[in-house]
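When a residue number appears, it is its place in the shown sequence, counting from 1.
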Amino acid sequence: MIRWIILVAVVALFLLLSVANWTLVPFLLPQGHEVMIPLPLIIAAAFLAGWLPTWLSHLATTTRLRRKLERQERQLADYHRPPAPVPPPET
């Protein structure tokens with residue numbers, strides 16, 4: 001619940017700052033063209049450019065470690081499993 005309250009507060013703060021700073025900023029493209037882009041879009045793009053690769057790396061590491069842990073738990077369960085009973089020899 002606290003996480004959602006913080007998230008809503010951050011989004012509301014971003015929206016308030018976006019409305020207050022909605023000015024067009026010249027942005028130079030690699031081909032030499034200049035484009036006028038609103039400042040909040042540039043800030044959001046810069047945030048995503050830094051956050052997205054980090055989040056994807058964290059997600060990949062978490063998934064890899066979870067799979068590794070599950071494999072180790074299966075091996076440990078197989079190790080501690082009692083041997084199957086041997087049927088008595090028929091006479």
Is the shortest side-chain heavy-atom distance between Leu7 and Trp4 below 4.5 Å?
yes

Apart from Met36 itself, residues in the same hydrophobic cluster as defined by side-chain heavy atoms under 4.5 Å
Leu24

To the nearest 0.5 Å, what is the distance between CD1 (Ile37) and CD1 (Ile43)?
12.5 Å

Does any non-hydrogen side-chain atom of Leu17 lie less than 4.5 Å from one of Leu13?
yes

Verify same cluster id: Leu39, Trp22 (apolar side-chain graph, 4.5 Å):
no

In the structure I gave you, are the side-chain heavy atoms of Ile42 and Phe27 within less than 4.5 Å of one another anywhere?
yes

Are Leu41 and Leu29 linked, directly or through other ILVMFWY residues, by side chains that come within less than 4.5 angstrom of each other?
yes

To the nearest 0.5 angstrom, please state how far the CG atom of Leu76 sits from the OH atom of Tyr79.
9.0 Å

Side-chain atoms of residues 60-73: list all donor-acceptor pairs with protein atoms under 3.5 Å, sequence neighbours left out, distances to 0.1 Å.
{"unit_1": "Thr61", "atom_1": "OG1", "unit_2": "Ser57", "atom_2": "O", "d": "2.9"}
{"unit_1": "Thr62", "atom_1": "OG1", "unit_2": "His58", "atom_2": "O", "d": "2.8"}
{"unit_1": "Thr63", "atom_1": "OG1", "unit_2": "Leu59", "atom_2": "O", "d": "2.9"}

Quick check: are there more than 12 heavy atoms from other residues, nucleotides or ligands sitting under 6.0 Å from CD of Gln31?
yes

Find out whether Val25 and Thr23 are in side-chain contact, i.e. whether some heavy atom of one side chain is under 4.5 Å from a heavy atom of the other.
yes

Contacts of Pro87 that satisfy side-chain contact (heavy atoms from CB on, under 4.5 Å) - sequence neighbours left out:
none

